[in-house]
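Comments concern the structure below.
The structure displayed is predicted, hence computed values, not measured ones. No hydrogens, no waters, no symmetry mates; every other heavy atom, side chains included, goes into these values. Every chain is numbered from 1 and lettered A, B, ... according to where its sequence line falls, protein lines coming before strand lines.
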Number of protein chains: 2
Amino acid sequence: MARPNRPLLTRERIIAAALDLVDGHGVDALSMRRLAERLGVRAASLYNHVSTKEDLLRGIADLVMRQVDVSGFTTGDWRAALATWARSYRTVLAAHPNVVPFMVNGPGRLEIALSRADAVHGGLTRAGWPPRHATMIGAAVKYLVVGAALGSFAGGFSDDAQVYADRYPNLSQAHLLRERQVEIDEGGFELALTALLSGLEALYAEVGRPA
Amino acid sequence: MARPNRPLLTRERIIAAALDLVDGHGVDALSMRRLAERLGVRAASLYNHVSTKEDLLRGIADLVMRQVDVSGFTTGDWRAALATWARSYRTVLAAHPNVVPFMVNGPGRLEIALSRADAVHGGLTRAGWPPRHATMIGAAVKYLVVGAALGSFAGGFSDDAQVYADRYPNLSQAHLLRERQVEIDEGGFELALTALLSGLEALYAEVGRPA
DNA sequence: ACCTGAACACCGTTCAAGT
DNA sequence: ACCTGAACACCGTTCAAGT
């Protein structure tokens with residue numbers, strides 16, 4: 001079949017399948033040929049909907065990124081908005097750990113990332129933070145979230161292959177290890193976030209100009 | 001020349017050249033063939049000194065990681081040691097931004113990374129922090145550092161290619177942008193680090209058991 | 001408009017053959 | 001012991017050819 005009446009592919013279907021592949025088997029498992037096979041199609045066909053593999057990766061990053069909740073910045077006070085954003089951001093990344101590495105060093109900025117950053121910046125400045133501080137606060141929270149997401153990723157991969165596959169053929173040990181990793185990841189993240197928020201509270205008393 | 005009297009290659013020379021290549025042209029520019037060409041040798045020759053490309057990447061990560069200063073934990077108090085470690089860690093990563101992505105999600109833990117983590121953990125527990133807190137503090141600082149290093153990386157890559165190459169053929173604008181990025185990166189990092197340290201100070205009063 | 005086979009220039013890695 | 005050419009199974013991407 002050279003051309004079906006209804007297209008076999010759409011950009012959305014391709015991106016969703018690619019994310020599924022990356023989530024399940026890591027970035028290295030994502031090749032255009034392998035992805036095409038999953039979609040019952042040939043590699044060349046993908047290029048009718050996606051201009052390049054980089055474009056595809058950008059699509060994945062975009063799909064993940066738009067799940068982050070920045071709604072707090074349009075309504076609530078900056079403390080709650082910041083906390084909600086940070087936790088939502090982290091939760092979303094933790095759900096797609098294999099995506100984090102290329103999402104963060106991605107080629108050029110995503111529009112969606114820019115719009116998220118604008119929401120944060122806008123919310124903070126409206127709350128009375130000087131623009132310069134707003135920028136740095138956004139940066140600080142992003143560092144923490146991204147670092148935590150990557151840390152979790154690394155942790156998940158660490159001893160899994162050797163300890164579990166070679167020496168402990170049953171799941172229970174690896175499972176316990178992973179559970180502990182999650183606890184440490186979240187504990188470390190919450191520790192830093194709480195400290196950051198209370199540090200900001202003190203700073204706000206100095207430089208903030210409430211409306 | 002099939003076999004010279006003195007070997008043309010050593011593992012160290014290969015890794016140093018690879019780091020140089022990655023620093024200068026990014027991870028994507030690192031291929032075994034390209035690296036071999038730089039070393040005046042054929043790709044297959046590299047496999048006499050390096051078991052795999054993954055092994056090579058691990059070597060690079062190791063080379064970078066051992067520059068991080070954790071000496072404070074054996075001598076000074078935990079506050080100073082933590083601050084020195086965090087800033088040194090960040091400075092080292094910032095000097096090799098292209099290395100950060102694969103250093104952090106690297107395949108399995110590096111020995112050097114483990115020894116660094118042990119130094120931190122030991123220093124903190126000797127200072128009276130409960131082990132559980134020591135682990136989370138180490139995690140929190142690592143998140144912040146890694147996130148900041150990646151953020152800087154992303155920032156450096158953002159508008160450079162388009163703005164600078166296409167529309168501003170002279171260096172000045174891009175240079176200014178980069179300078180500003182560095183300032184924001186460092187400001188955001190210091191903001192979060194300071195907040196974290198003072199947050200820890202408060203926590204230490206609760207759970208710390210000074211020797 | 002959209003799918004395809006074939007081709008291009010690349011990969012990482014192996015291995016017998018050289019010295 | 002260490003470097004090499006040739007080969008393997010893979011890549012991303014292009015493009016004329018099909019409908």
Side-chain angles (χ1 to χ4, degrees), chain A residues 1-22 24-61 98-99 101-103 105-108 161, chain B residues 1-22 24-61 98-99 101-103 105-108 161:
Chain A
M1 127 196 359
R3 167 154 134 69
N5 303 14
R6 265 272 251 104
L8 296 173
L9 297 172
T10 63
R11 186 168 217 269
E12 286 67 39
R13 221 163 77 74
I14 292 172
I15 290 173
L19 175 56
D20 197 62
L21 190 54
V22 170
H25 300 88
V27 210
D28 291 346
L30 176 64
S31 78
M32 300 306 267
R33 282 173 173 84
R34 206 132 42 178
L35 177 58
E37 194 182 19
R38 274 207 171 195
L39 290 161
V41 114
R42 303 301 215 165
S45 311
L46 299 172
Y47 289 88
N48 286 303
H49 303 88
V50 139
S51 68
T52 186
K53 190 182 181 181
E54 201 172 293
D55 182 33
L56 175 61
L57 293 175
R58 211 166 15 228
I60 295 174
N98 294 342
V99 173
F102 69 80
M103 182 149 72
N105 69 11
Chain B
M1 134 200 351
R3 167 155 134 69
N5 304 14
R6 267 270 253 100
L8 295 173
L9 297 173
T10 62
R11 187 168 216 269
E12 286 68 37
R13 221 163 79 75
I14 291 171
I15 290 173
L19 174 57
D20 197 61
L21 189 55
V22 170
H25 300 87
V27 210
D28 290 346
L30 177 63
S31 78
M32 300 306 267
R33 283 173 173 84
R34 208 135 37 182
L35 177 58
E37 194 182 17
R38 275 207 169 196
L39 290 161
V41 113
R42 304 300 215 165
S45 311
L46 299 172
Y47 289 88
N48 286 303
H49 304 88
V50 140
S51 69
T52 186
K53 190 182 181 180
E54 202 172 293
D55 181 34
L56 175 61
L57 292 175
R58 214 169 8 232
I60 294 175
N98 295 342
V99 173
F102 69 80
M103 181 149 70
N105 69 10

Looking at C/dT14, C/dC3, C/dT4, which one has an atom nearest to any side-chain atom of A/Pro7? C/dC3
Mind calculating the distance between CG (B/Asn48) and C1' (C/dT19) to the nearest angstrom? 13 Å
Take the protein atom CZ of B/Arg42 and the nucleotide atom P of D/dA6, then report the distance between them rounded to whole Å. 9 Å
Expressed as a whole number of angstroms, how long is the span from A/Ile14:CD1 to C/dC3:P? 8 Å
Listed nucleotide nearest any side-chain atom of B/Val41, set C/dG12, D/dT4, C/dG5: D/dT4
Output the single nucleotide from D/dG5, C/dC11, D/dC11 whose closest atom is nearest the side chain of A/Arg34. D/dC11
Side-chain contact, heavy-atom cut-off 4.5 Å: B/Leu39 with B/Ile14? yes
Starting from C1' on D/dT13, measure out to CG on A/Leu56 and report it in whole angstrom. 14 Å
Flag the pair A/Leu9 / A/Ser45 as yes when at least one side-chain heavy-atom distance between them is below 4.5 Å, and no otherwise. yes
Could you tell me how far apart B/Met32 (CE) and D/dC11 (C1') are, to the nearest whole angstrom? 16 Å
Suppose we define a pair by two distances each less than 3.5 Å, Watson-Crick or G-U wobble; what does D/dC2 pair with here? C/dG18
Could you tell me which nucleotide pairs with C/dA7 by Watson-Crick or G-U wobble geometry, both distances under 3.5 Å, or answer none if nothing does? D/dT13
Per atom distances to the A/Thr52 side chain, the nearest of D/dT13, D/dC3, C/dC11 is D/dT13
Reckon A/Ser45 has a side-chain N or O less than 4.0 Å from the OP1 or OP2 of C/dC2? no
Find the distance B/Arg11:CZ to D/dC2:P and express it as a whole number of Å. 14 Å
Minimum-distance nucleotide (side-chain atoms of A/Arg33 versus C/dT13, C/dG5, C/dA7): C/dA7
With side chains defined as the heavy atoms from C-beta onward, is the minimum distance between B/Leu56 and B/Leu35 less than 4.5 Å? yes
Testing C/dT14, D/dT14, C/dC2 for proximity to the side chain of A/Ala44, the answer is D/dT14
Measuring only between side-chain heavy atoms, which start at C-beta, is B/Val22 closer than 4.5 Å to B/Leu57? no
Distance, rounded to the nearest Å, where A/Leu8 contributes CG and C/dT4 contributes P: 7 Å
In this structure, how many angstroms lie between the P atom of D/dT4 and the CG atom of B/Leu9, rounded? 8 Å
So what does B/Leu30 hit on the nucleic acid, given a heavy-atom distance under 4.0 Å: a base, only sugar-phosphate, or nothing? sugar-phosphate
Nearest to the side chain of A/His49, which nucleotide is it out of D/dG12, D/dT14, C/dC3? C/dC3
As a test of reading the structure: which of C/dC3, C/dG12, D/dT13 is closest to the side chain of B/Lys53, going by heavy atoms? C/dG12
CZ of B/Arg38: more than 12 outside heavy atoms within 6.0 angstrom? yes
